[in-house]
Amino acid sequence: QVRLVESGGGSVQAGGSLRLSCVVSGFTYSTYCIGWFRQAPGKGREAVAAISSDGSTSYVDSVKGRFTISQDNVKNDVYLQMNNLKPDDSAMYYCAAMVAGCRGASRPPPADPYVHWGQGTQVTVSS
C-alpha cells in the first residue's frame with residue numbers, strides 16, 4: 001500500500017524558512033515523479049515543485065530561487081526546503097506521487113497525473 005506522509009509545516013514570519021518532509025512508503029517503481037503542491041483557502045491546488053526519478057527538478061516561477069526540492073535516494077523520502085518565505089506562500093502543502101517520470105519538464109506537472117497523495121501539512125507565513 002502506497003502511503004505519503006507530510007510533516008514540517010508550521011508558522012513563521014516573512015523571511016523565515018521551513019523544511020517540509022514527505023515520507024514515502026510502499027512505492028517501489030523505478031520511474032516516478034514526486035511533486036509538492038499547495039492550496040490556499042478559496043484557491044485551486046498549485047503545483048510548486050517536482051522531482052523525477054532521475055533527479056531532475058522543476059519549480060513554479062513564484063518559488064524559483066527560494067524553494068529547493070530534494071530526495072533521499074535510500075529512503076525515497078522527498079523534502080522541500082523553503083527559504084525567504086512570504087505571506088503568499090501560506091497554504092496547505094501536499095506531496096504526491098505518479099508512476100511516470102517528469103524529466104525535463106519546464107514546470108512541475110499539474111495534479112491530474114498524480115495518483116497517490118498525502119494528507120497535507122499547513123504552512124502559515126505572517127508579515
Side-chain angles (χ1 to χ4, degrees):
Q1 181 180 357
V2 178
R3 190 171 183 222
L4 291 83
V5 179
E6 304 93 337
S7 63
S11 298
V12 296
Q13 290 189 327
S17 298
L18 286 172
R19 186 183 190 232
L20 305 185
S21 297
C22 175
V23 176
V24 183
S25 59
F27 192 77
T28 58
Y29 300 95
S30 58
T31 301
Y32 57 82
C33 181
I34 296 178
W36 281 100
F37 290 77
R38 64 187 179 187
Q39 188 166 18
K43 295 188 178 181
R45 191 163 292 192
E46 178 185 37
V48 175
I51 187 165
S52 190
S53 42
D54 70 342
S56 60
T57 59
S58 56
Y59 300 90
V60 68
D61 287 347
S62 61
V63 308
K64 285 181 180 177
R66 301 189 297 121
F67 290 12
T68 303
I69 188 171
S70 61
Q71 183 175 28
D72 182 323
N73 289 322
V74 175
K75 297 181 181 179
N76 284 339
D77 297 345
V78 175
Y79 309 97
L80 186 68
Q81 177 67 43
M82 306 187 296
N83 298 328
N84 191 21
L85 282 161
K86 304 176 181 180
D88 284 349
D89 295 319
S90 297
M92 185 71 78
Y93 282 71
Y94 302 87
C95 63
M98 71 162 101
V99 187
C102 49
R103 175 183 180 183
S106 59
R107 58 184 295 132
D112 287 352
Y114 290 90
V115 294
H116 304 289
W117 290 83
Q119 293 301 306
T121 185
Q122 178 68 40
V123 172
T124 303
V125 184
S126 58
S127 58

Which pairs of donor and acceptor atoms, one on a side chain in residues 30-43, lie under 3.5 Å apart (sequence neighbours left out)?
unit_1 : atom_1 : unit_2 : atom_2 : d
Tyr32  : OH     : Gln71  : OE1    : 3.1
Tyr32  : OH     : Gln71  : NE2    : 3.0
Arg38  : NE     : Glu46  : OE1    : 2.8
Arg38  : NH1    : Asp89  : OD1    : 2.9
Arg38  : NH1    : Tyr93  : OH     : 3.0
Arg38  : NH2    : Glu46  : OE1    : 3.3
Arg38  : NH2    : Ser62  : OG     : 3.4
Gln39  : OE1    : Arg45  : NE     : 3.3
Gln39  : OE1    : Arg45  : NH2    : 3.4
Gln39  : NE2    : Lys43  : O      : 3.0

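- Distance OG/Ser11 to CG/Leu85: 11.0 Å, rounded to 0.5 Å.
- Listed by chain and number, the residues in a salt bridge (Lys or Arg N to Asp or Glu O under 4.0 Å) with Lys86 amount to none (sequence neighbours excluded).
- A distance of 14.0 Å separates OG1 of Thr57 from CZ of Phe67, quoted to the nearest 0.5 Å.
- More than 12 heavy atoms of other residues, nucleotides or ligands sit less than 6.0 Å from atom CD of Gln122.
- Note that OG1 of Thr68 is 11.0 Å distant from CE of Met82, once rounded to the nearest 0.5 Å.
- Grouped with Val23 in a hydrophobic cluster is no other residue, since no side-chain heavy-atom contact under 4.5 Å to another Ile, Leu, Val, Met, Phe, Trp or Tyr is found.
- Scored by the side chain to side chain contact (heavy atoms under 4.5 Å, CB included) test, Val2 finds Leu4, Phe27, His116 as partners (sequence neighbours excluded).
- Listed by chain and number, the residues in a salt bridge (Lys or Arg N to Asp or Glu O under 4.0 Å) with Asp112 amount to none (sequence neighbours excluded).
- Identified under the disulfide bond (SG atoms under 2.5 Å apart) test for residues 34-99, with sequence neighbours left out: Cys22-Cys95.
- Not counting sequence neighbours, the partners of Pro87 by the side chain to side chain contact (heavy atoms under 4.5 Å, CB included) test are Ala14, Val125, Ser127.
- Within the structure, disulfide bond (SG atoms under 2.5 Å apart) pairs that include any residue of residues 38-82 do not occur (at least two apart or interchain).
- Tyr79 and Ile69 fall into different hydrophobic clusters, defined by Ile, Leu, Val, Met, Phe, Trp and Tyr side-chain heavy atoms under 4.5 Å apart, directly or through other members.
- Screening residues 13-22 for side-chain hydrogen bond (donor to acceptor under 3.5 Å, both in side chains), with sequence neighbours left out, gives Ser17-Asn83.
- Here the CG atom belonging to Leu80 is positioned 7.5 Å from the OH atom belonging to Tyr59, to the nearest 0.5 angstrom.
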Please tabulate, one pair per line, all N/O donor-acceptor pairs under 3.5 Å involving side-chain atoms of residues 96-107, not counting sequence neighbours.
unit_1 : atom_1 : unit_2 : atom_2 : d
Arg103 : NE     : Asp54  : OD2    : 3.2

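- Under a hydrophobic clustering in which Ile, Leu, Val, Met, Phe, Trp and Tyr are joined whenever their side-chain heavy atoms come within less than 4.5 Å, directly or via other members, Trp117 and Val78 fall into different clusters.
- If you chain together hydrophobic residues whose side chains sit under 4.5 Å apart, Tyr114 and Tyr94 fall into the same group.
- Put simply, the side chain of Glu6 gets close to the backbone of Gln119: a donor and an acceptor are under 3.5 Å apart.
- When all heavy atoms of Asn76 and Val24 are compared, the closest pair comes out as O-CG2, 3.4 Å.
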